[in-house]
Student: 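Below you will find the structure I want to go over with you.
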Amino acid sequence: MTSLGGAEMVDWKLAVATATRLVRPGPDVSRDEARAIVAELRRHAKASEGHVRAFTRMAPPVKDGDAFAGDTPVLVVDRAGWIKANVEGFRAILGPLLEKMQDRRSGTSTAVLGAVGGKVTGVELGMLLSFLASRVLGQYETFAPGTGDLPGAGAGGGRLLLVAPNIVHVERELEVDPHDFRLWVCLHEETHRTQFTAVPWLRAHIEGEIQSFLGETEVDPATLLERLREAAQSLAGGRPEGEDSGAPSIVDLVQTPAQREILARLTAVMSLLEGHADYVMDGVGPQVVPSVTEIREKFQQRRARGAGRLDAALRKLLGLDAKLRQYRDGERFVRAVVDEVGMDGFNRVWTSPNTLPTKAEIAKPADWVTRVHRKSEK
């Protein structure tokens, strides 16, 4: 991997080891109970395919008479499995940025990076991953490279991860029906899988935007690593709980004018994808999840209150508050458009990159309807 003076800028193996060692243990379950939970999640994931495709009227392209889903596996993993999968994803997608950071090494940056070293950076990244690994319920990995114990998809695909201990933890915390909650989570994640398998150009479009964003990065490497260190120190107790440094998030640090334009487009498409998944989850829910109203109410309350001041500080530092807004704003956009032009009319959003909503249109769905529908009807 990218190195500085012969040493890796990020010791990826150490990041995995650190995160795996520090991550909180999952809820107590017996071996038989664990097997039953895994089996049920797999059944729900499979059942969700039909529910989501029927509701959204989206399906993977047909190849040789059979639906072709891009060979995207569904994997039920523990927290350590999620960590391994995401480190590989980071390593793949951040490669160009780390190459650029190495090319820019000189003067003070070189001295600081040399002092920090790949091992220290690996430990800090591992600390952050240990924090996140206990919070993610499921994830569609769009750019997932396969590993020995975590198979990936072929070219153009991804893989769906369901993090079993986190799902069990939240269903117990919320005191909701576990079977209903597991299906509800699977509906959300299967919607993401359907988005990417039914819209062949979407993966390449997002990857292109991400690489353009990273390619425009002008942040000093030492500054980026300092922000990473601040987040890690928050986890380790290096800053008093709840203390706000007033510093921008990691994402805010890497924005040139060109990046701000790219980030606006990425924010819009991620709001669309997350909001669409929430809309589908709630739309399908009443037919197949009897307690969906209770689950949604309790889950929204959990999102709103977070997990304390330390959690709130880290969310701000890592830019995760923006993701929470994406769920809310995106769902409101999807609902407004479907109410106006129906599901088939909404699905014009998947026609091409040009029909994706802008960030401004996410806030004003009527403007998207006017641009995509009204103008095409003239």
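All values reported here derive from a predicted model rather than from experimental measurement.
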Student: Give me the one residue out of Phe55, Trp350, Phe196 that meets ring-ring contact (aromatic ring centres under 6.0 Å, His included) with His276.
Tutor: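 Of Phe55, Trp350, Phe196, ring-ring contact (aromatic ring centres under 6.0 Å, His included) with His276 is met by Trp350 alone.
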Student: Do the charged groups of Arg193 and Glu49 touch, with an N to O distance under 4.0 Å?
Tutor: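 Answer for the salt bridge query: yes.
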Student: Measuring from atom OG of Ser352 to atom NE2 of His205, what distance do you get when rounded to the nearest 0.5 angstrom?
Tutor: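 Answer rounded to 0.5 Å: 9.0 Å.
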Student: Given Val38 and Arg35, is the side-chain contact (heavy atoms from CB on, under 4.5 Å) satisfied, shown in steps?
Tutor: CA-CA 5 Å; Val38 170; Arg35 289 195 186 102; 5.9 Å; no
Student: Hey, are Glu189 and His192 close enough side-chain-wise for a donor-acceptor pair under 3.5 Å?
Tutor: no
Student: Over 60° means perpendicular and under 30° means parallel, so classify the ring planes of Phe299 and Trp184, tilted if in between.
Tutor: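 Ring orientation, 0 to 90° scale: perpendicular.
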Student: To the nearest 0.5 Å, what is the distance between CG (Leu202) and OG1 (Thr197)?
Tutor: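 Answer rounded to 0.5 Å: 10.0 Å.
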Student: Would Phe346 and Phe333 count as a side-chain contact (heavy atoms from CB on, under 4.5 Å) here? Give the steps.
Tutor: CA-CA 10 Å; Phe346 166 79; Phe333 169 84; 4.2 Å; yes
Student: Let me confirm one number: the NE2-OG distance from His188 to Ser48, rounded to the nearest 0.5 Å.
Tutor: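 It is 12.0 Å, given to the nearest 0.5 Å.
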Student: At what distance, to the nearest 0.5 angstrom, does OG1 of Thr358 lie from CG of Leu272?
Tutor: 11.5 Å
Student: Of all heavy-atom pairs between Thr20 and Val16, which one has the smallest distance, and what is that distance?
Tutor: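 Residues Thr20 and Val16, closest heavy atoms: OG1-O, 2.7 Å.
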Student: For the residue pair His373 and Trp368, does the interplanar ring angle fall in the parallel (under 30°), tilted (30 to 60°) or perpendicular (over 60°) class?
Tutor: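 Correct class here is perpendicular.
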Student: Just how far is it from atom CE of Met58 to atom CZ of Arg53, taken to the nearest 0.5 Å?
Tutor: 10.0 Å
Student: With a 3.5 Å cut-off and no angle check, do the side chains of Thr194 and Glu190 form a donor-acceptor pair?
Tutor: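 Judged by distance alone, the side chains do pair up.
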Student: Using a strict cut-off of less than 4.0 Å between a Lys/Arg side-chain nitrogen and an Asp/Glu carboxylate oxygen, indicate whether Asp278 and Arg332 qualify as a salt bridge.
Tutor: no
Student: Do Asp180 and Val176 pass the side-chain contact (heavy atoms from CB on, under 4.5 Å) test, and can you show the C-alpha distance, the side-chain angles, and the key distance before you say yes or no?
Tutor: CA-CA 8 Å; Asp180 284 2; Val176 294; over 6 Å; no
Student: Quick one: closest heavy-atom pair of Arg203 and Thr142, and the distance?
Tutor: NE-O, 3.0 Å
Student: Looking at every heavy atom in both Lys359 and Ala264, which two are closest together, and how far apart are they?
Tutor: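 Answer, listing the atom of Lys359 first, then Ala264: CB-O, 3.8 Å.
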Student: Tell me, with the steps shown, if Ile295 and Leu174 meet side-chain contact (heavy atoms from CB on, under 4.5 Å).
Tutor: CA-CA 8 Å; Ile295 290 173; Leu174 298 182; 5.6 Å; no
Student: Side chains of Asp177 and Ser291: is there a donor and an acceptor less than 3.5 Å apart?
Tutor: no
Student: Can you measure from CG (Leu162) to CZ (Arg42) and round to the nearest 0.5 angstrom?
Tutor: 10.0 Å
Student: Could you tell me whether the side chain of Gln195 and the main chain of Leu273 form a donor-acceptor pair under 3.5 Å?
Tutor: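 Checking the backbone N and O of Leu273 against the side chain of Gln195, a donor-acceptor pair under 3.5 Å is found.
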